[in-house]
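Take a look at the structure set out below.
Reckoned from all heavy atoms, side chains included, excluding hydrogens, waters and symmetry mates.
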Amino acid sequence: MGDATSGWFDSRELFIGGKWAAAAETLPLENPSTGEEIGSIARGRASDVDAAVEAARAALDGAWGRATAVERGRVLVRIGQLVQARIEDLARMEAHDVGKPLSQARNDAIALARYMEFYGGAADKLMGETIPYLDGYTVYTLREPLGVSAHIIPWNYPMQIIGRSVGAALCMGNAVVLKPAEEACLTALAFARLAEEAGLPAGALNVVPGLGEEAGAALSGHPGIDHVSFTGSFSVGQAVQKAAGENVVPVTLELGGKSPQVLFEDADIDVALPFLVNAGIQNAGQTCSASSRILVQRARFDEVAAQMAERYGTLRVGPAMSDLELGPLISGKQKQIVEGYLRLGADLETLAEGRIVEGTPAGGHYVAPRLISGATPGHVLAQEEIFGPAQVLLPFEDEEEAVAIANGTGLGLVASVWTANGARQMRMAKRLRAGQVFVNNYGAGGGVELPFGGVGKSGHGREKGFEALYAFSQLKTVACLHG
Ligand code: NAP
Ligand code: MG
């Protein structure tokens, strides 16, 4: 396949100040399903980041900065409509670029459209307040944009993350510089193309693809930015926060997880079963909120293990366009990392594995999903994010032990509890350390309306929903003395 972009834009270009321009150098673009090179992308440099930050600043001083909340909302809604009209193109583009099974890529494109609709609708609905104060004063608050908002995002859910972070930033009137992941730039560029078509003023959104250590580092430490939204790994998040700290710039960090589902003996296992498995294997486990630990009360441990193993036996892995349960991992490097973890679990019991279907291209980065038992809660496979298709089953005796294991990794992105006991539902929802807790479900369909983010080493700040708008804006207090 020569051109994964269907000719709507040139993937070797940067989008800065409303103009498309070729980069001095390019990087290869790989299709993870085949390992083949399918094109190239721009290798944005520090000088390109400088230009993008400058263009964003100019937009704030120009048409974008003057746009009313209603106008901002309308342009976001228009972007959403254009995304909606290109769902299939976007899904195919993503499937080729990141190896995501086609229907999962389609869901991401649908979510992107929905984010634009949500944040378009929200733009004119965040109000300040008036504050009762001393005699002779009127005091009120204004919600203002932070300014130039830098967005550094990973490769696993490019469209969903663009939706939630860029959507919220534009909603509040910020101007954005987006650095997509080197392995997944196409839909970011496609989004910029649609934003341009929708009439987003020049410079309100700039896209600089490139390497993390070049374009990403230049952006996170840039003295001209006012805010960073980072989604990615713990170690890079740490570096980004340090770099932003040099300029005293606020940072939203959305990092990884080791998210547990806690199943008590009174749970409805038939309802739980698809959630238990799907939350571990969606996007081949390369999901920040993947549920990679399944905690089961001992009385039903063997039963749940057997039922999950049966499901694992039906899981198929193959090329993204075959649209099976799992596609390949994003890269050879990611496959090595995941296989390295699986080797560390060689002493554990493999309860079941899915299968890589016949005829998959030898150059693709396929890993069969694995269900693992026999780990202690402190085992590296029960502690660290694997970011691949592997789930670890852990038994527990009672609520105390369940909470200790569930909260025992230092990470805290998402958690769920499965129980019919209403009091226990309430207690567990309070006791589980996570930014989102689900009761008798997992993920709640991903809802764009639902605030999302981590506690502990999973990060800080919230994106998604209305809550994101507070993180993507700042409050000004105005006190008028009129006597
Ligand atoms: P990553 O290696 O941290 O990369 C994330 C982004 O940071 C990429 O755009 C990367 O660019 C860039 N980057 C790399 N080095 C940089 C540096 N020194 N300075 C500035 N930017 C730099 O993460 P990943 O491997 O792509 O994604 C997987 C991780 O993301 C997992 O830990 C996962 O849990 C987490 N994640 C979290 C969420 C959430 O919402 N909490 C969502 C999705 C993923 P290049 O890739 O181009 O080098
Ligand atoms: Mg790719």
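Cation-pi geometry between Lys179 and Phe230 is not satisfied (NZ or CZ under 6.0 Å from the ring centre, within 45° of the ring normal).
Between Ala59 and Ala204, the shortest heavy-atom distance links the atoms CB-N, 3.7 Å. When all heavy atoms are compared, the tightest approach of Asn206 to Ala52 is ND2-O, 3.7 Å. Contact between Pro369 and Ile281 at its shortest, heavy atoms only, is CB-CG2, 4.1 Å. Across every non-hydrogen atom of Ser11 and Leu189, the tightest pair is O-CD1, 3.8 Å. Ser149 and Asn174 get closest at one heavy-atom pair: CB-CB, 4.0 Å. For the residue pair Ser259 and Tyr442, the shortest heavy atom distance occurs at CB-OH, 3.2 Å.
When each of Lys100, Arg92, Arg114 is checked for a salt bridge (Lys or Arg N to Asp or Glu O under 4.0 Å) with Asp108, only Lys100 meets the rule. With Leu263 as the partner, the side chain to side chain contact (heavy atoms under 4.5 Å, CB included) test is satisfied by one option alone out of Leu276, Leu295, Leu393: Leu276.
A donor-acceptor contact shorter than 3.5 Å links the side chain of Ser458 to the backbone of Gly256. At least one donor-acceptor pair closer than 3.5 Å links the side chain of Gln436 to the backbone N or O of Pro451. Panel note: side chain Arg293, backbone Ala406; a donor-acceptor pair is recorded below 3.5 Å. A donor-acceptor pair under 3.5 Å links the side-chain atoms of Thr409 to the main chain of Leu411, judged by distance alone. A donor-acceptor distance shorter than 3.5 angstrom exists from the side chain of Lys258 to the backbone of Glu384, with no hydrogens or angles considered. Judged by distance alone, with hydrogens and angles left aside, the side-chain atoms of Gln104 form a donor-acceptor pair with the main-chain N or O of Asn283 at under 3.5 Å. In this structure a side-chain-to-backbone donor-acceptor pair under 3.5 Å is present from Tyr119 to Gly465. Using modelled atom types, no side-chain atom of Asp97 and backbone atom of Met93 make a donor-acceptor pair closer than 3.5 Å. Under a 3.5 Å cut-off, the side chain of Gln334 and the backbone N or O of Phe387 do form a donor-acceptor pair. Counting only distance, with no hydrogens or angles, the side chain of Gln391 and the backbone of Ser291 share a donor-acceptor pair below 3.5 Å.
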Could you check Asp89 against Trp8 for side-chain contact (heavy atoms from CB on, under 4.5 Å), going step by step and ending with a plain yes or no? CA-CA 10 Å; Asp89 290 338; Trp8 337 348; 3.7 Å; yes
Begin with the C-alpha distance, continue with both residues' side-chain angles, and end with the deciding distance and a verdict on side-chain contact (heavy atoms from CB on, under 4.5 Å) for Val240 and Leu219. CA-CA 9 Å; Val240 164; Leu219 182 57; over 6 Å; no
Evaluate side-chain contact (heavy atoms from CB on, under 4.5 Å) for Val177 paired with Val148, printing each intermediate quantity in order. CA-CA 7 Å; Val177 179; Val148 177; 4.2 Å; yes
Derivation and outcome, side-chain contact (heavy atoms from CB on, under 4.5 Å), residues Leu90 and Phe191: CA-CA 9 Å; Leu90 289 163; Phe191 177 76; over 6 Å; no
Do Glu71 and Arg74 pass the salt bridge (charged side-chain N to carboxylate O under 4.0 Å, His left out) test, and can you show the C-alpha distance, the side-chain angles, and the key distance before you say yes or no? CA-CA 5 Å; Glu71 287 164 346; Arg74 282 188 184 141; over 6 Å; no
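At least one side-chain heavy atom of Thr360 sits under 4.5 Å from a side-chain heavy atom of Pro319. Side-chain atoms of Leu381 and Leu344, non-hydrogen and from C-beta on, do get closer than 4.5 Å to each other. Looking only at side-chain heavy atoms (C-beta outward), Val338 and Ile386 come within less than 4.5 Å of each other. Looking at heavy atoms from C-beta onward, Phe118 lies out of side-chain contact with Lys464 at the 4.5 angstrom threshold. Between Leu371 and Ser373 the shortest side-chain heavy-atom distance does not fall below 4.5 Å. Within the 4.5 Å cutoff, side-chain heavy atoms of Leu326 are placed close to those of Pro389. Counting only heavy atoms from C-beta outward, the side chains of Arg300 and Ile269 approach each other to under 4.5 Å.
Other residues, nucleotides and ligands place more than 12 heavy atoms under 6.0 Å from the CZ atom of Arg462. In the displayed structure, Lys457 atom NZ is contacted under 6.0 Å by at most 12 heavy atoms of other residues, nucleotides or ligands. Within 6.0 Å of the CD atom in Glu310, the count of heavy atoms belonging to other residues, nucleotides or ligands does not exceed 12.
To the nearest 0.5 Å, atom CG of residue Leu205 and atom CD1 of residue Ile16 are 11.0 Å apart. The distance from atom CD of Glu117 to atom CD of Gln81, rounded to the nearest 0.5 Å, is 8.5 Å. The structure places CG of Leu112 at 12.5 Å from CZ of Arg164, a figure rounded to the nearest 0.5 Å. Distance check: Trp155 CH2 to Thr187 OG1 gives 13.5 Å after rounding to the nearest 0.5 Å. One finds the CG atom of Asn156 at 10.5 Å from the CD atom of Gln282 (value rounded to the nearest 0.5 Å). Here the CG atom belonging to Leu329 is positioned 4.5 Å from the CD atom belonging to Gln286, to the nearest 0.5 angstrom.
Between the side chains of Ser229 and Glu463, at least one donor N or O lies within less than 3.5 Å of an accepting N or O.
Relative orientation of the Phe466 and Tyr470 rings is perpendicular, given thresholds of 30° and 60° on the angle between their planes. Ring geometry, His151 versus His227: the interplanar angle exceeds 60°, so the pair is classed perpendicular (tilted spans 30 to 60°).
Comment: Glu13 does not engage Lys19 in a salt bridge, judged by the lack of any side-chain N to carboxylate O separation of less than 4.0 angstrom.
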